[in-house]
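Below is one structure, written out as structure tokens, with a few remarks after it.
These numbers come from the heavy atoms of this one structure, side chains and all, not from hydrogens, waters or symmetry mates. Order of the sequence lines sets the chain letters (A, B, ...), proteins ahead of strands, with each chain counted from 1.
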Amino acid sequence: MSRRALKAVLVDLSGTLHIEDAAVPGAQDALARLRRAPVSVKFVTNTTKECKRYLLERLQKLNFDIEERELFTSLTAARNLLEQRKVRPLLLVEDSALEDFAGIETADPNAVVIGLAPDHFDYQTLNKAFRLILGGAPLIAIHKARYYKRTDGLALGPGPFVTGLEYATDCQAAVVGKPEKTFFLEALRDLNCFPEEAIMIGDDARDDIGGAQKTGMLGILVKTGKYRAGDEGKIDPQPYLTCENFPQAVDHILQNLISQEVI
Amino acid sequence: MADHNWTACVTSLKGVILDMCGVLYDSGEGGGVPIPGSVEAVKRLKESDLQLRFCTNETQATREKFVAKLQRLGFELSVSEVFSPAPAVVASLRQRQLRPHLLVHDDVLPEFSSVDKTNPNCVVIGDAADKFSYQNLNDAFRVLIGLEKPVLFSMGRGRYYKETDGLKLDVGVYMKALEYACDVEAEVIGKPAPMFFQSVLTDMGIQPHEALMIGDDLVNDVGGAQHAGMKGLQVRTGKYRPSDERHPTVTADGYVDNLAAAVDAILKHRA
């Protein structure tokens with residue numbers, strides 16, 4: 001294999017390490033095993049309804065050993081873009097996510113940011129967003145996930161609403177989260193490693209695995225969370241590997257992708 | 001020359017299909033006003049040996065209410081002669097033994113009263129306006145994603161329309177949202193879908209080449225009808241714009257000033 005030695009493992013959160021307030025069985029131990037190997041670990045998520053602080057608290061409550069600097073979210077990526085473009089957003093994100101936008105001017109909006117905001121996705125609010133975009137405001141999508149899993153079943157993600165607004169206004173949204181190439185590259189930036197030296201573990205075939213593999217990383221699809229039978233066939237090339245769950249993915253990495261002498 | 005050529009088809013004609021808004025009447029306050037000569041033109045067509053049907057994309061009212069409005073404007077027509085997306089969807093549902101989950105405007109619900117909606121195995125969306133909430137869209141999504149082969153019917157595919165208080169998102173936006181969420185392609189029912197025109201032809205028991213569509217919407221009325229194998233005539237009323245006569249992809253078989261002029265020419269060439 002012409003790949004370089006593995007230096008970094010990117011791990012999705014919701015659906016991979018945990019499903020809402022329950023950890024995937026064995027995931028904490030698996031993460032601890034992974035940390036003993038000579039690789040960097042980073043957690044990358046499109047979970048846009050929660051700010052970083054909330055995500056960390058939840059993970060720590062579930063006994064995951066994770067630090068803030070290891071967490072890279074699509075909200076951070078969106079904020080970076082707003083600051084770069086110097087625009088005032090209409091923020092269609094849940095109140096719980098607003099903390100990550102603290103200090104950004106939002107009066108008299110000239111941009112639209114769409115996250116996962118079931119409370120804001122009503123007809124009136126979408127019309128308001130639509131009129132702004134038709135008037136020239138850029139449409140920024142935190143990500144375009146089709147749906148996500150809640151305890152009461154699957155629920156629509158931001159993607160369908162972004163797609164609808166794109167159709168209505170004949171424009172293209174700027175997407176900042178997974179599966180965008182820039183998102184994965186940003187996540188790796190402070191790790192000093194190339195995509196060819198990294199692997200992504202996630203439950204979303206298109207957004208986690210397809211996106212990561214397009215940047216040159218390997219991808220391991222886990223059959224937890226939003227995974228549905230046959231998902232691995234929905235992307236081309238198919239995932240490097242499909243595993244039952246996160247612990248199996250970690251075992252595969254430890255046994256096959258890391259030189260045995262160093263463990 | 002095109003204006004005269006279309007009359008060559010008139011002798012073999014067995015039926016005429018009329019668009020409604022912009023051909024029969026102009027919408028406006030109090031239900032709108034008839035376009036001059038149209039009331040009389042409909043009457044003359046009815047007295048001829050041609051079959052006559054009406055075709056609209058209206059999905060915010062039942063046909064009964066819509067027809068009552070036109071009758072108040074002086075038109076002679078009955079519900080059974082009017083084709084709108086909702087009854088066409090109902091016919092498709094029956095034919096394919098599908099039970100719908102409905103995401104439609106409350107005022108069009110009575111059209112679906114006879115349809116079995118238990119244990120749904122498809123979704124029908126229309127211009128539901130304020131009913132397009134996250135919850136309602138999510139309910140429709142869950143029905144679709146739970147099906148082995150998701151079937152989505154959309155009554156039209158418009159992007160937006162204008163109301164007195166501003167622009168409003170139309171059904172096409174929510175159709176696109178569900179298409180994206182479930183990786184399906186919606187079956188659009190209503191103009192310009194060929195199946196919609198075909199249902200009108202089937203009702204008349206005639207072939208496409210024996211029918212003429214008259215409308216003010218070049219793409220949806222004229223182009224749609226031509227795509228279904230019919231002749232299409234554009235009237236210079238309603239949403240007609242002079243630039244329509246130089247459209248890059250759709251050329252009408254003929255252009256006439258209004259419905260009255262079209263009916264004059266048809267009846268003269270059949271005499």
Side-chain angles (χ1 to χ4, degrees), chain A residues 49 92 94 114-135 139 141 143-150 152-173 175 205-207 226-231 233-235, chain B residues 59-60 101 103-106 120 123 125-150 152 154 156-186 188 219:
Chain A
K49 36 177 190 169
L92 300 193
E94 281 206 344
I114 306 239
L116 181 59
D119 293 345
H120 295 305
F121 288 156
D122 58 86
Y123 189 63
Q124 296 308 325
T125 309
L126 283 177
N127 270 322
K128 189 176 165 191
F130 157 66
R131 291 172 199 171
L132 280 174
I133 301 162
L134 208 60
L139 172 60
H143 60 76
K144 280 185 81 173
R146 289 163 165 77
Y147 50 83
Y148 68 108
K149 189 166 180 160
R150 293 197 307 219
D152 66 338
L154 296 177
L156 288 168
F161 297 92
V162 173
T163 304
L165 286 171
E166 287 179 329
Y167 175 73
T169 57
D170 227 342
C171 81
Q172 281 277 300
V175 185
R206 261 185 279 245
D207 290 351
K226 71 166 55 163
Y227 173 85
R228 300 175 83 234
D231 276 358
K234 285 185 180 167
I235 56 168
Chain B
T59 66
Q60 281 206 356
H101 171 92
L103 177 47
V104 300
H105 199 280
D106 282 342
V123 167
I125 62 167
D127 177 15
D130 286 324
K131 275 182 76 187
F132 278 132
S133 63
Y134 180 83
Q135 185 60 49
N136 287 342
L137 200 65
N138 206 41
D139 288 346
F141 159 71
R142 283 184 175 179
V143 170
L144 282 176
I145 202 77
L147 297 171
E148 197 178 327
K149 198 175 173 299
L152 170 63
S154 185
R157 53 175 301 141
R159 290 161 198 258
Y160 55 87
Y161 51 87
K162 192 171 181 171
E163 284 200 342
T164 43
D165 58 340
L167 297 176
K168 297 283 180 73
L169 294 168
D170 198 359
V171 63
V173 174
Y174 292 87
M175 173 195 86
K176 285 284 170 190
L178 288 173
E179 283 187 337
Y180 178 78
C182 306
D183 239 336
V184 295
E185 196 176 332
V188 177
V219 173

- If you count heavy-atom pairs under 4.5 Å with chain B, which of A:Thr163, A:Asp119, A:Asp170 comes out on top? A:Thr163
- Message: Just checking B:Arg157: does its CZ atom have more than 12 heavy atoms from other residues, nucleotides or ligands closer to it than 6.0 angstrom?
- Response: no
- Flag side-chain contact, heavy atom, 4.5 Å: B:Lys168 against B:Asp127: no
- Message: Need one label for A:Gln124: side chain, backbone, both or neither, based on atoms under 4.5 Å from any heavy atom in chain B.
- Response: side chain
- So which part of B:Ala128 gets closer than 4.5 Å to some heavy atom of chain A, the side chain, the backbone, both or neither? neither
- Give a yes or no on whether a salt bridge exists between A:Asp231 and A:Lys234, defined as a side-chain N under 4.0 angstrom from a carboxylate O. yes
- Message: Please classify the contact between A:Phe130 and chain B as side chain, backbone, both or neither, with a heavy-atom cut-off of under 4.5 Å.
- Response: side chain
- Query: Who pairs with A:Tyr148 by ring-ring contact (aromatic ring centres under 6.0 Å, His included), at least two apart in sequence or on another chain?
  - Reply: none
- Message: Checking A:Tyr147 now: which residues fulfil ring-ring contact (aromatic ring centres under 6.0 Å, His included) with it, not counting sequence neighbours?
- Response: B:Phe141
- Query: Checking heavy atoms, do the side chain of B:Tyr174, its backbone, both or neither come under 4.5 Å from chain A?
  - Reply: side chain
- Please look at A:Leu126 and chain B and tell me whether the side chain, the backbone, both or neither of the residue comes under 4.5 angstrom of a heavy atom of that chain. both
- Note on the structure: One option among A:Leu154, A:Thr125, A:Val162 has the most heavy-atom pairs under 4.5 Å with chain B, and it is A:Leu154
- Carboxylate-amine/guanidinium proximity below 4.0 Å for A:Glu166 and A:Lys144: yes
- Note on the structure: When the 4.5 angstrom heavy-atom criterion is applied to B:Asp183 and chain A, the contacting part is side chain
- Message: Is it true that, when you exclude B:Lys131 itself, more than 12 heavy atoms of the residues, nucleotides or ligands shown sit nearer than 6.0 Å to its NZ?
- Response: yes
- Query: When heavy-atom pairs shorter than 4.5 Å are enumerated against chain B, which of A:Ala155, A:Gly157, A:Ala117 gives the highest number?
  - Reply: A:Ala155
